[in-house]
Each structure stands twice: as structure tokens, then as C-alpha cells.
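Heavy atoms only: backbone and side chains are in, while hydrogens, waters and symmetry mates are out.
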Amino acid sequence: MKKKKELQRCVWPGTDPTYVKYHDKEWGVPVYNDRTLFEFLILEGAQAGLSWITILRRRAGYRKAFANFDPKKVAKFSEAKIKSILKDPGIIRNKLKVHSAVTNAQAFLKIQKEFGSFSNYQWQFVGGKPIHNKWKKGIPSVTKESDAFSKDLKARGFNFVGSTIMYAHMQAVGMVNDHIVSCFRHKQVKKL
């Protein structure tokens, strides 16, 4: 009996099933849906200073706490609602991050109004299509594109959107394909 050949993948997910599933199914896949983009903005902001796996394991909690990532609803969260969210053990209970999710939702809606969608706005930072990198190792944590994206978001009133956070966001939503070239997903994502 032939032994099944193990897939080569990026090193960062290790063997954690949650990480592997995220890597194999989501990371680097181009996203154009505004609600999904808003979800990743909230999750990436929550991740600041923490590991991504910590946030992935609480994703369902964030979905529940943040109205299924509906920016219109999140933008209207009252102080009472924020206080109740800060008691929720299903999320990272950081006051600044929770408040920034509400502020960011309000700014997100303004961008949707100005550009027709957040997707239209976001994708302009990579010329409207994914950048397919060819890393063998040593993936950067920021780029000139993430610097520009971050700077513009900050000017529009967003918080927790530094260049490193925005580059992680760009990787997550497929604005850049940063699967290393030896990873089986690199070619698959490039074809999407």
C-alpha cells in the first residue's frame, strides 16, 4: 500500500488543526465581500500584540459579540452594549480594541458611501488585483502597500490599523499571496 504523500505547506500553521484548516481554506484567498472584509478588520485589530491562533479560537465569540460582523449594527453600539461585550469571555476583553471596532465600523460605512463598497476602496492599494509573491522564506511584516493602506485608514479615523496589522489583513484577504512557493496553496491561490 502506497503511503500518502504529505502536503508541503507554509511553516506557520504547524500542526494545530484550527490553524491548518485556516491556512488551507482561507488564508490568501481573495475576498471582495464587505462583511467579510469588516470581519477581518475587527479580528486583525483584536490580534494586535497577540498570536493569530488566539483570535481564531475566539472567532465564533467575536461573531456573536459583534452582530455577525454587520458594520451598520456595530457602528450603532451604545456604551451599554460595549460594557456588556467587555464582560464576554468569548472575546479578548480589551477596552481600546472593542471601542475601536465601533469607531472603525463608523469609518467603514463612510468609505462604503464614498467608494460604493469597502472592497473597491481596499483593493485600490494593490492595483485592483492580488500581488503574487514568490517567497521561499523571510516574508516581510510590512510593505509600501500596507504603509499606504494604513496611513489612509488612520487619516479616515480608523484605529488598530498600523502597517503590520494591515499587512496581516492583506495576507488574510488575498490582496497578497504570501504562501511560500513550496506550499501547495501558492499555486492554488494564484489561480483564483
Side-chain angles (χ1 to χ4, degrees), residues 22 26-49 52 55-56 58-86 88 90-132 142-178 189 192:
Y22 172 72
E26 286 187 81
W27 194 69
V29 174
V31 173
Y32 301 94
N33 176 279
D34 274 11
R35 187 174 281 198
T36 306
L37 293 173
F38 181 66
E39 172 182 358
F40 277 100
L41 282 173
I42 287 181
L43 297 176
E44 295 290 351
Q47 187 229 340
W52 184 237
I55 302 305
L56 278 181
R58 288 177 168 82
R59 196 174 191 180
Y62 276 92
R63 188 169 283 117
K64 183 179 172 198
F66 289 96
N68 202 29
F69 301 111
D70 182 336
K72 288 179 183 170
K73 290 180 180 176
V74 175
K76 294 178 183 174
F77 280 4
S78 65
E79 276 302 315
K81 176 69 173 171
I82 291 169
K83 282 182 182 177
S84 75
I85 290 171
L86 287 168
D88 186 341
I91 68 160
I92 303 299
R93 295 172 286 183
N94 177 298
K95 192 175 186 177
L96 292 175
K97 291 177 182 181
V98 172
H99 274 278
S100 88
V102 177
T103 303
N104 290 354
Q106 294 162 355
F108 187 94
L109 295 176
K110 289 177 186 172
I111 286 175
Q112 283 182 316
K113 189 173 182 181
E114 181 180 345
F115 289 86
S117 72
F118 190 83
S119 179
N120 290 340
Y121 162 77
Q122 175 172 302
W123 280 91
Q124 73 178 336
F125 291 97
V126 291
K129 62 183 183 192
I131 296 170
H132 295 284
V142 296
T143 61
K144 64 181 180 6
E145 293 85 3
S146 68
D147 289 345
F149 193 9
S150 170
K151 183 178 179 181
D152 197 73
L153 286 170
K154 287 176 183 177
R156 293 172 181 275
F158 283 77
N159 295 304
F160 287 95
V161 290
S163 190
T164 302
I165 290 171
M166 293 320 298
Y167 194 66
H169 175 79
M170 292 168 72
Q171 291 171 316
V173 301
M175 293 173 73
V176 294
N177 177 1
D178 272 355
V189 168
L192 298 175

Visitor: Applying salt bridge (charged side-chain N to carboxylate O under 4.0 Å, His left out) as the test, list every pair that has at least one member in residues 90-105; sequence neighbours left out.
Guide: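 Qualifying pairs, neighbours excluded: none.
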Visitor: Distance from Asp152 atom CG to Gln122 atom CD, nearest 0.5 Å?
Guide: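 Between atom CG of Asp152 and atom CD of Gln122 there are 11.5 Å.
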Visitor: Could you give the distance from OG (Ser150) to NE2 (His169), rounded to the nearest 0.5 Å?
Guide: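 It comes to 11.5 Å.
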Visitor: Please give me the minimum heavy-atom distance between Asn104 and Gly157, naming the atom from each residue.
Guide: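 Answer, listing the atom of Asn104 first, then Gly157: OD1-O, 4.2 Å.
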Visitor: Could you tell me if the side chain of Ser117 sits less than 4.5 Å from the side chain of Tyr32, heavy atoms only?
Guide: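 Result no, sub-4.5 Å side-chain heavy-atom pair not found.
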Visitor: Is the closest side-chain heavy-atom distance between Glu79 and Ile82 below 4.5 Å?
Guide: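 A side-chain contact exists here, since the closest heavy-atom pair is under 4.5 Å.
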Visitor: Please tabulate, for the side chains in residues 34-41, all donor-acceptor contacts under 3.5 angstrom to protein atoms that are two or more places apart in sequence or on a different chain.
Guide:
| unit_1 | atom_1 | unit_2 | atom_2 | d |
| --- | --- | --- | --- | --- |
| Asp34 | OD1 | Phe118 | N | 3.2 |
| Asp34 | OD1 | Ser119 | N | 2.8 |
| Asp34 | OD2 | Gln112 | NE2 | 2.7 |
| Asp34 | OD2 | Phe118 | N | 2.7 |
| Arg35 | NH2 | Asp70 | OD2 | 3.1 |
| Thr36 | OG1 | Asn33 | OD1 | 3.2 |
| Glu39 | OE2 | Arg59 | NE | 2.8 |
| Glu39 | OE2 | Arg59 | NH2 | 3.1 |
| Glu39 | OE2 | Arg63 | NH2 | 3.0 |

Visitor: For Ala65 versus Ile85, what's the shortest heavy-atom pair and its separation?
Guide: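 Reported closest heavy-atom pair: O-CD1, 3.5 Å.
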Visitor: With rounding to the nearest 0.5 angstrom, report the NZ to CZ distance, Lys73 to Phe66.
Guide: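 Between Lys73 NZ and Phe66 CZ, I get 14.5 Å after rounding to 0.5 Å.
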Visitor: Rounded to the nearest 0.5 Å, what separates atom CG in Asn120 from atom CD1 in Ile111?
Guide: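 If I round to the nearest 0.5 Å, the distance is 11.5 Å.
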Visitor: Let me see the working for Val176 and Thr143 under side chain to side chain contact (heavy atoms under 4.5 Å, CB included), right down to the final yes or no.
Guide: CA-CA 11 Å; Val176 294; Thr143 61; 6.0 Å; no
Visitor: With Met166, which of Phe125, Phe158, Phe160, Phe149 fulfils side chain to side chain contact (heavy atoms under 4.5 Å, CB included)?
Guide: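 Testing Met166 for a side chain to side chain contact (heavy atoms under 4.5 Å, CB included) against Phe125, Phe158, Phe160, Phe149 leaves exactly one candidate, Phe149.
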Visitor: Taking all atoms of both residues into account, what is the closest heavy-atom pair of Val142 and Asp147, and its distance?
Guide: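 What the structure gives for the nearest pair is CB-OD1, 4.1 Å.
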Visitor: I need the minimum non-hydrogen distance between Val102 and Phe77, along with the two atoms involved.
Guide: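 Looking at all heavy atoms of both residues, the closest pair is CG2-CB, 3.9 Å.
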Visitor: Determine whether Glu44 and Trp52 satisfy the following criterion, side chain to side chain contact (heavy atoms under 4.5 Å, CB included), listing intermediate values before the conclusion.
Guide: CA-CA 8 Å; Glu44 295 290 351; Trp52 184 237; 3.8 Å; yes
Visitor: Show every salt bridge (charged side-chain N to carboxylate O under 4.0 Å, His left out) that has at least one partner inside residues 111-123, sequence neighbours left out.
Guide: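 Checked against salt bridge (charged side-chain N to carboxylate O under 4.0 Å, His left out) - neighbours excluded - the pairs reaching residues 111-123 are Glu114-Arg156.
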Visitor: What pair of heavy atoms forms the shortest contact from Ala105 to Ala75, and how long is it?
Guide: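 Smallest interatomic distance, heavy atoms only, reads CB-N, 3.6 Å.
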Visitor: Report the C-alpha separation of Leu109 and Gln106 in whole Å, then their side-chain angles, then the decisive distance to 0.1 Å, and conclude whether the side chain to side chain contact (heavy atoms under 4.5 Å, CB included) test is met.
Guide: CA-CA 5 Å; Leu109 295 176; Gln106 294 162 355; 5.8 Å; no
Visitor: Just verifying a value: how many Å separate Ile131 CD1 and Asp178 CG, rounded to the nearest 0.5 Å?
Guide: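 Reported to 0.5 Å precision, the distance equals 9.0 Å.
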Visitor: First locate atom CE of Met175, then atom NZ of Lys129, and finally report the distance between them rounded to the nearest 0.5 Å.
Guide: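 Atom-to-atom, Met175:CE and Lys129:NZ are 13.5 Å apart.
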Visitor: Please name the pair of heavy atoms, one in Ile92 and one in Tyr62, separated by the smallest distance, quoted to 0.1 Å.
Guide: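 That would be N-OH, 3.0 Å.
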Visitor: Walk me through it: do Ile165 and Gln47 pass the test side chain to side chain contact (heavy atoms under 4.5 Å, CB included)?
Guide: CA-CA 8 Å; Ile165 290 171; Gln47 187 229 340; 5.9 Å; no
